[in-house]
Amino acid sequence: MARLAKCDVVSIEDLTTAEVERIFVLADGFAAALAKGEPLDLARGLIMATLFYEPSTRTRLSFESAMHRLGGSVISSADMHASSASKGESLADTVRVTSAYADLIVLRHPHDGAARVAAEYAPCPVLNAGDGSREHPTQTLCDLYTLRKKKGRLAGLTVAICGDLKYGRTVHSLIYALARFGANIVAVPNRGLNVPDYVLDRLAAERSYTFSMVGMDELKSLAGGLDALYLTPSAPHQMALFTGGLPLEKLPSEQVPAALDAFYVTRLQRERRGENEGDAGGPSGYIRFDAQALKSSRTHEAVVMHPLPRTDELAYELDSDPRAVYFEQAAAGVPVRMALIAWLIEKAACAGSIARIEQPAEPPIKFKSEPAPRCANPNCITRHEGAYLRPRFRLAPRVSRSVLPLRCDFCDRELGAGFVGHARSRRYYRFEESLYGYARQWIEEGSLVVFDSEKQAEEHGYEPYRRGPQREIMNGDEVARACETLAAQLIEDLPDLSGVAMVGIVSHGAILAVRLRELIEARTKVRLPCAAADVVSGADAIRPLDAPGEFEVEGRTIVMVDDVINSGWTVQRAMAALWKHGRPASVKLAVLIDRGHREVPIRPNYVGKNIPTARAERVQVRLSPPEADGARKHHDRVVIYSMVESLKEPAKEPG
Ligand code: CP
């Protein structure tokens with residue numbers, strides 16, 4: 001039996017919270033043993049291979065030191081230019097061959113998603129020592145370990161992460177981990193180097209965690225006033241629910257943290273910048289962190305962290321300050337990585353623990369017809385390996401109104417497909433939200449095709465479905481009457497409104513929920529708590545409309561409100577978001593229009609108006625937002641249109 005479990009650590013999310021805790025316990029033991037100079041032989045007979053396609057000092061040497069300290073051996077390709085990779089050997093072949101020589105592979109690679117590929121091809125465990133700008137999970141273990149040692153906890157800490165948050169792989173892993181351990185993040189990106197959307201989307205979808213960004217100048221000018229701009233997960237803002245944007249938000253004073261607990265400073269990742277990206281303002285335009293930053297009453301307890309190497313962003317004058325812990329972070333690399341190896345040994349010893357990593361809920365999409373989509377990230381490993389490595393996508397967890405969002409299985413970046421096609425009928429559509437359910441059905445059938453343009457679709461022999469003429473089916477007065485009908489139904493059905501709350505699905509369902517609340521209040525004098533469910537922005541979150549304050553779901557009757565159910569997937573996602581928020585006593589669904597058929601078996605309890613439609617017809621609701629009361633009648637309307645098959649245009653006569 002292999003002495004190490006086939007547990008790959010490609011992302012920090014591959015480790016459960018209990019596993020991270022266990023690694024820290026082991027690291028404490030190894031740190032103590034190292035301090036006493038105790039000889040260890042836990043890994044005697046094991047060989048670790050370090051394959052570094054990019055330079056490294058800390059990660060490679062601390063991994064190698066860790067293995068030696070545990071009594072194991074190391075074989076290393078510290079410069080892959082001197083390996084057969086320079087002759088064109090694929091990553092898949094290199095790791096398969098190396099697995100015959102070693103029990104464990106530690107891989108650093110310049111391309112996003114390389115560690116995932118290595119993990120899939122190598123029969124032995126693969127530890128990601130940094131893949132492109134994607135993740136660096138073992139650095140995060142060192143960061144968390146050091147931070148917790150210094151502060152005694154992780155939950156509730158407030159960490160400002162500064163610098164290149166776009167390409168800094170240590171930052172991405174750290175953000176996922178801090179969110180998981182309940183810390184607050186203040187992101188302070190250098191101009192143009194914000195946390196990428198794919199990281200924010202993953203956080204929002206998997207952890208319902210969002211945060212906003214503060215400019216470096218704003219942070220600097222806030223000496224003594226940091227609390228005024230402090231941003232915390234899921235800050236509510238009523239207008240943002242209707243506009244989709246989350247502006248900077250002031251929080252009520254009781255939620256404001258008194259101080260920052262840590263600064264995590266990062267260097268400019270020059271080696272990852274695209275040719276057209278300039279120099280982030282040049283060295284003078286990049287942050288420079290010095291002793292001044294620690295002088296405010298709100299920062300004087302903060303520790304200063306940096307994954308290293310540093311360039312000019314961190315002043316040497318800080319080195320002698322006891323709050324500067326970056327060399328301790330680097331030193332923690334040995335006991336923490338010893339602990340990781342020991343944990344792999346423990347896992348192998350535990351029956352049934354092998355190959356633990358769970359698959360994401362959505363299976364990969366099988367694209368059976370050409371053109372197969374290609375990842376849009378030029379640094380994705382699928383763009384750099386041979387034809388053996390087929391691009392692979394899953395449906396991204398967020399819903400979009402204008403593109404079908406697919407997530408690359410290797411680099412996590414999103415590919416927004418603007419056009420979707422059906423391989424058997426050879427028709428294509430410009431994507432819109434109401435097609436989401438159809439796209440899911442085609443995925444199940446294996447008949448989904450995606451195109452980046454009409455030109456690409458037509459070059460592959462597909463013909464367009466077109467949007468037929470629009471017909472108004474409800475004007476402003478009729479919409480108002482339908483709202484009255486809904487409000488009356490709700491009041492009649494729910495005589496005790498004390499335990500009732502409303503959740504409108506962004507955006508028109510949220511507008512409708514506010515209107516229904518006004519109508520109910522006018523008749524009963526009861527003002528119902530109201531929230532919005534935003535399944536489009538990626539937040540999948542329930543946000544209160546009555547800021548500030550929490551929106552209570554537990555034990556309540558929730559009236560979920562939407563304008564019209566097309567496929568039913570949006571309502572289903574909103575329901576899932578609601579249940580993540582709390583356990584309601586019951587959920588009722590109110591819709592302005594019931595069109596009579598849908599993909600998902602959802603039946604509304606309250607209907608403003610029944611409008612039977614054909615399957616190829618789409619219903620579109622337009623409602624003016626709540627602050628424009630006077631103009632409501634003119635702007636509210638409901639239209640219907642059909643998706644019609646095109647007739648081939650007759651070829652034009654030349655001349
Ligand atoms: N922090 C870190 O990854 O350093 P190296 O690049 O020196 O390994």
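Atoms within each ligand, like the ligands themselves, are counted from 1 in listed order.
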- Item | cation_pi(R310, Y316) dist<6.0 Å, angle<=45 | yes
- Side chain, backbone, both or neither: T170 near ligand 1, heavy atoms under 4.0 Å: neither
- Which of the atoms of ligand 1 are close to L308, meaning less than 4.0 Å from one of its heavy atoms? 1 (N), 2 (C), 4 (O)
- Query: Any nitrogen or oxygen of P307, main chain or side chain, under 3.5 Å from a nitrogen or oxygen of ligand 1?
  - Reply: yes
- Parallel, tilted or perpendicular: ring planes of H384 versus H111, cut at 30 and 60 degrees: parallel
- Any sub-3.5 Å donor-acceptor pair from D131's side-chain atoms to E135's backbone N or O? yes
- protein heavy-atom neighbour closest to atom 4 (O) of ligand 1 works out as R58 NE, 3.0 Å
- Message: For atom 7 (O) of ligand 1, what's the nearest protein heavy-atom neighbour? Residue, atom name and distance, please.
- Response: T57 N, 2.8 Å
- Below 4.0 Å from any atom of ligand 1, is there a heavy atom belonging to R108? yes
- Query: Less than 6.0 Å separating the ring centroids of F52 and F63?
  - Reply: no
- Message: Between D412 and R134, does any NZ, NE, NH1 or NH2 come within less than 4.0 Å of an OD or OE carboxylate oxygen?
- Response: yes
